[in-house]
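The structure appears right after this line, and notes come after that.
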Amino acid sequence: MAVRVGLRPGPAMVLTIPGRRTGRPRSTPMTPFRHDGHLCVVADYPSSDWAANARAAGTGTLRHGRRSRQVRIVELDAEQSRPVLRAFAMKVPVGVAFSRRSGLVDVGSPEEFAALAGRLAVFRFDPDGPDSVN
């Protein structure tokens, strides 16, 4: 995978967190985006393993190209996630296309995504450590 070896990262990043059962590091490519000054990500599947691992771990390493940083992983509740999901529809076209193909949304409008609040996991990455920059 190109992102893992540091080639042309674009907006994609890799989150590495311990597996909730094994404790072994698990790496997942994702496309976080900025919303109200915070880095956020949407789990496109309601029951995705990486989201369950993120909930259990609470912290991880976020890598973009060759740079990595420790982050705290904060899951947003339905009310907090609604505006983030609206923004996702406008800022992450690759995520919208994926959601359309998987049948989560029909056209991918901000309203359709906002209606998924409480059903899709939405996380915010906060800096974790003195040298972290969000």
Side-chain angles (χ1 to χ4, degrees):
M1 162 187 293
V3 172
R4 281 195 174 157
V5 295
L7 300 176
R8 227 184 110 226
M13 296 184 185
V14 175
L15 176 66
T16 302
I17 49 180
R20 64 192 178 285
R21 286 179 250 177
T22 66
R24 289 188 303 217
R26 301 290 182 203
S27 296
T28 304
M30 55 186 52
T31 309
F33 62 100
R34 292 244 172 235
H35 178 73
D36 284 345
H38 298 282
L39 198 57
C40 298
V41 69
V42 173
D44 283 333
Y45 286 120
S47 60
S48 65
D49 281 337
W50 80 261
N53 289 339
R55 271 185 211 100
T59 63
T61 302
L62 192 59
R63 187 172 63 242
H64 184 242
R66 294 184 181 167
R67 295 183 55 209
S68 64
R69 63 181 179 236
Q70 291 298 116
V71 292
R72 279 183 291 120
I73 305 166
V74 179
E75 185 168 12
L76 306 181
D77 64 27
E79 193 61 34
Q80 294 168 318
S81 67
R82 198 166 279 110
V84 177
L85 286 163
R86 277 190 189 99
F88 175 82
M90 296 177 283
K91 294 182 178 182
V92 188
V94 68
V96 172
F98 181 84
S99 296
R100 289 181 67 202
R101 283 192 307 274
S102 65
L104 282 173
V105 295
D106 289 324
V107 295
S109 70
E111 293 75 27
E112 275 186 297
F113 277 97
L116 294 172
R119 195 168 147 220
L120 293 182
V122 178
F123 296 96
R124 184 182 72 227
F125 296 126
D126 291 341
D128 187 26
D131 60 344
S132 294
V133 177
N134 198 4

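Worth knowing before you read on, the calculation uses all heavy atoms, side chains too, and leaves out hydrogens, waters and symmetry mates.
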Arg124 to Leu76 - nearest heavy-atom pair and separation: NH1-CD2, 3.8 Å
Once the angle between the rings of Phe88 and Phe113 is folded into 0 to 90°, is it parallel (under 30°), tilted (30 to 60°) or perpendicular (over 60°)? perpendicular
Side chains of Phe125 and Arg69: does their closest heavy-atom pair fall under 4.5 Å? no
Counting C-beta onward and ignoring hydrogens, is there a side-chain heavy-atom pair between Phe33 and His35 closer than 4.5 Å? yes
Distance alone, cut at 3.5 Å: any donor-acceptor contact between the side chains of Ser27 and Thr16? yes
Identify the two heavy atoms, one from Arg34 and one from Leu39, that lie closest to each other, and give their separation to 0.1 Å. NH1-N, 3.8 Å
Can you find a pair of side-chain heavy atoms, one from Pro110 and one from Met90, that are under 4.5 Å apart? yes
Should Arg20 and Asp49 count as an ion pair when the cut-off is N to O under 4.0 Å? yes
Which atom of Thr61 lies closest to which atom of Ser68, heavy atoms considered: CG2-CB, 3.8 Å
Looking only at heavy atoms, what is the nearest atom pair of Thr59 and Arg72, with distance? CG2-CG, 4.2 Å
Within a strict 4.5 Å, meaning less than it, do heavy atoms of the Ser102 and Tyr45 side chains meet? yes
Does some side-chain heavy atom of Arg86 sit less than 4.5 Å from a side-chain heavy atom of Arg82? yes
What heavy-atom pair brings Ala121 and Ala51 nearest, and what distance separates the two atoms? CB-CB, 4.3 Å
For residues Gly60 and Ile73, report the shortest heavy-atom separation together with the two atoms involved. N-CD1, 4.0 Å
